[in-house]
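Written out below as structure tokens is the structure these notes cover.
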Amino acid sequence: MPVTRNLIVVLGDQLDLEAAAFDGFDAKHDLVWMAEAQEESTHVGSSKQRIALFLSAMRHFAQALRKAKRPLLYHRLDDTGPAAALNSLGSKLHADLLELAPSRVIMTHAGDWRVTQQLTSVAKAVGVPLEVREDRHFFTTVGDFEAHAKGRKSLRLEYFYRELRQRHHVLMDGDEPEQGQWNFDADNRETFGAKGPGELPKRAFFAPDAVTKEVVELVHARFAKHPGKLDSFGWPVNRAQALEALQRFVDERLALFGRYEDAMWPGEPWLYHSHLSSAMNLKLLSAREVVQAAEHAYRAGLVPLQSAEGFIRQILGWREYVRGIYWTQMPGYMERNALNAQEHLPEFFWTGRTDMACLRDAVTQTLEHGYAHHIQRLMVTGLFTLLLGVQPQLVHAWYLSVYVDAVEWVELPNTLGMSQYGDGGLMASKPYVATGKYIQRMGGPCKGCAYDPALREGERACPFTTLYWDFLLRHESLLAKNARMALQVKNVARMTEAQKQAVTLRAEAIRCGKVGSQL
Ligand SMILES: Cc1cc2nc3c(=O)[nH]c(=O)nc-3n(C[C@H](O)[C@H](O)[C@H](O)COP(=O)(O)OP(=O)(O)OC[C@H]3O[C@@H](n4cnc5c(N)ncnc54)[C@H](O)[C@@H]3O)c2cc1C
Ligand code: SF4
């Protein structure tokens, strides 16, 4: 396959025909390069749902490229021949660069540090210039984030988000925020009450086509021991499906998104969330069009401002913010462990077999669908590992492997920073800690659980509640320095020595699996 000019490298999370890497593409002289590499599914042992989604979406994108008449060299995992033995993206690219000898390699900014390093060193070793172009999918560049962060003592989402609302004129009324308010968080904490959510809109489900079916077979054959199941696979795998999923969300769920943003309910994984993270992270949808769709629905009077703002804040705010954190803090960020947490990840994170009902629900649905909503990730699985004291790098590996939307730039700051406080407060102003009563209040399955969230000690004490007090005891001196934790830490002083000892002993029993262990 002759290539005289540019080789355009497209990674599995860059499936956008309009990406910057294609600017100036000339089908007569340039060639697109894509590869399914074993290492991308095995370096953290990805779940079956995640592997299937990436492979299916990549193969659908290959079809779109061929339709657009852009010449393509595509390596499949099930190819035969010498290239098939090369496991990593880097080794495959290395071999092709030697053979094709392009004048230049062009790619869009990658989504993780490891891959960036790998491809950069390959291009250097072969002596081909590598041009990395800005990712236009995002509202901001890493440089924008650096400029915002410069000179600030602490980084907080709120100021960054307000700047972006103004700069991109999103939900603005002249120079003021729409309806005079930047933030509707206080209105967005409702629960479903004792009656539950009632009938919920159906998930936008895309039945596997021939390409996806082939991928599912491949995953079963090649990654049989990887976590999770594929029976319910129905994620959008191409642009048309992603657009349909966006429309369905806006029509059916967005109006109640804000109100129930933090709520949970047993056996209901989808609620009023959008389920669009994987489509956005693969770049099947642009963040801009998603934000525009939400704002348009508000302006058309179809959804309340609290919902449109709550949703837009997640994308224009959190999503851009965590990307800035990742790229300005890597590679050292990955190693941080401010609380010196050293425990292993409990085995039931890979099976769901535990008598703690909230964890059983969240882990089982994660393994089944590759999805859990934000409050489950933060306040069930993430809270448990934080309170237990699991090493943040092990928690990171779990989140990166199980979720369909997991790409390191977004997963790592959320896990290590926001959820595990491993960065010592760079992402979150205080550790997100709570007792089991928080989970109960937000609609968790405490009624059907072996434990009681109100109890801290004794046989029926909820492990979250015991571990919360144990966490405060273990980190009392560090937390006392944090003004936002002062009230919580003060309560420790009211405990008797006997109470403290009972908490420590039960926390030990939880850590060694005698409580909350596998069913
Ligand atoms: C420990 C932990 C790990 C996480 N790992 C990931 C991950 O690997 N990939 C990922 O995309 N999100 C991650 N998140 C953020 C968030 O939980 C998911 O984006 C969300 O649950 C995806 O479901 P949804 O599309 O239905 O989101 P919705 O609730 O509908 O939210 C709308 C969109 O906002 C964006 N968003 C919401 N919260 C965040 C956030 N905190 N950071 C960045 N973007 C956000 C997502 O693109 C999401 O699709 C993580 C959060 C935590 C606490
Ligand atoms: S009692 Fe505790 S462990 Fe059980 S569901 Fe409630 S919060 Fe979870």
Side-chain angles (χ1 to χ4, degrees), residues 13 50 111 157 203 245-246 249 253-254 257-258 260-262 264 266 269-282 285 287 290-291 294 310-323 325-326 354-362 370-386 392 395-396 398-420 427-428 432 434-442 444-455 460-468 510 515-516:
D13 62 342
R50 183 172 183 266
L157 166 82
R203 166 198 186 194
L246 171 61
F249 167 67
R253 295 181 134 86
L254 177 58
F257 173 89
Y260 297 122
E261 201 178 337
D262 284 358
M264 34 187 152
W270 312 108
L271 299 174
Y272 288 98
H273 293 275
S274 69
H275 329 132
L276 292 173
S277 49
S278 58
M280 270 190 279
N281 295 352
L282 297 180
L285 281 179
V290 176
V291 165
F311 180 70
I312 286 172
R313 164 184 296 266
Q314 307 309 315
I315 296 167
L316 182 63
W318 281 112
R319 198 164 176 269
E320 298 287 323
Y321 181 76
V322 300
R323 180 169 180 259
I325 297 264
Y326 180 80
T354 167
D355 58 3
M356 292 177 275
C358 54
L359 277 161
R360 190 168 64 235
D361 246 26
Y371 178 84
H373 58 72
H374 185 67
I375 224 62
Q376 289 175 308
R377 297 189 204 196
L378 187 64
M379 297 310 284
V380 180
T381 44
L383 175 61
F384 191 75
T385 53
L386 171 64
V395 185
H396 151 63
W398 184 77
Y399 278 95
L400 187 60
S401 75
V402 293
Y403 290 110
V404 287
D405 55 27
V407 187
E408 202 172 274
W409 65 266
V410 54
E411 178 279 325
L412 183 69
N414 268 300
T415 303
L416 188 140
M418 187 192 282
S419 146
Q420 303 300 297
M427 268 283 286
Y432 281 97
T435 66
K437 286 185 89 170
Y438 173 86
I439 295 173
Q440 181 185 43
R441 192 166 61 247
M442 297 320 289
C446 301
K447 256 191 192 162
C449 183
Y451 302 105
D452 181 344
L455 298 180
R460 291 204 59 239
C462 163
F464 283 86
T465 306
T466 306
L467 288 171
Y468 166 83
I510 298 166
V515 176

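As the structure lists them, so they are numbered: ligands from 1, and atoms in each ligand from 1.
Remark: ligand 1 atoms within the under-4.0 Å shell around heavy atoms of S419 are 1 (C). Under a 4.0 Å criterion applied to the non-hydrogen atoms of N281, ligand 1 contributes the atoms 9 (N), 10 (C), 11 (O). Counting the atoms of ligand 1 from 1 in the order shown, those under 4.0 Å from a heavy atom of L378 are 53 (C). Counting the atoms of ligand 1 from 1 in the order shown, those under 4.0 Å from a heavy atom of H275 are 24 (P), 25 (O), 26 (O). Interface atoms of ligand 1 facing A406, defined by a heavy-atom separation under 4.0 Å, are 8 (O). Interface of A372 with ligand 1, defined as ligand atoms under 4.0 Å from a residue heavy atom, comprises 21 (O). Listed by number with element, the atoms of ligand 1 under 4.0 Å from a non-hydrogen atom of V410 are 9 (N), 10 (C), 11 (O), 12 (N), 43 (C).
The option with the heavy atom closest to atom 44 (N) of ligand 1, from among Q376, R313, R319, is R319. Taking all heavy atoms of W270, F311, Y403, Y371 into account, the minimum distance to atom 26 (O) of ligand 1 is reached by Y371. When Q314, E411, Q420, R253 are checked for heavy-atom proximity to atom 45 (C) of ligand 1, Q314 turns out nearest. Across E408, R377, R50, M379, heavy-atom proximity to atom 18 (C) of ligand 1 is greatest for R377.
Ligand 1 lies nowhere less than 4.0 angstrom from a heavy atom belonging to A287. For F257, the closest heavy-atom approach to ligand 1 falls below 4.0 Å. Judged by the shortest distance from any of its heavy atoms, F249 lies outside the 4.0 Å radius around the atoms of ligand 1.
For Y399, no nitrogen or oxygen atom sits less than 3.5 Å from a nitrogen or oxygen atom of ligand 1, counting backbone and side chain alike. Considering backbone and side-chain atoms together, H374 places an N or O closer than 3.5 Å to an N or O of ligand 1. The shortest N/O to N/O separation between H273 and ligand 1 falls below 3.5 Å. For the pair S274 and ligand 1, the shortest N or O to N or O distance falls below 3.5 Å.
Considering only non-hydrogen protein atoms, atom 39 (C) of ligand 1 sits nearest to W318 CB, 4.0 Å. Protein heavy atom at the shortest distance from atom 46 (C) of ligand 1 is S277 CB, 4.1 Å. The single protein non-hydrogen atom nearest to atom 7 (C) of ligand 1 is D405 OD1, 3.2 Å, given as residue, atom name and distance. For atom 33 (C) of ligand 1, the closest heavy atom belonging to the protein is I315 CG1, 3.7 Å. Looking only at heavy atoms of the protein, atom 14 (N) of ligand 1 is closest to N414 ND2, 3.7 Å.
Using modelled atom types, one side-chain atom of T465 and one backbone atom of P453 make a donor-acceptor pair closer than 3.5 Å. Remark: side-chain polar atoms of Y451 are not paired, donor with acceptor, to backbone N or O of F464 under 3.5 angstrom.
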Applying side-chain contact (heavy atoms from CB on, under 4.5 Å) to V410 and Y326, what does each step give before you reach the verdict? CA-CA 8 Å; V410 54; Y326 180 80; over 6 Å; no

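For M280, every heavy-atom contact with ligand 1 shorter than 4.0 Å involves the side chain, none the backbone.
Just one residue in the list D13, V407, L285, V404 forms a side-chain contact (heavy atoms from CB on, under 4.5 Å) with S278, and that residue is V404.
Taking a cut-off of 2.8 Å, the protein N, O or S atoms nearer than that to atom 6 (Fe) of ligand 2 are C446 SG.
Taking the six-membered ring where tryptophan is involved, the planes of F311 and F249 are tilted, since the angle between them lies from 30° to 60°.
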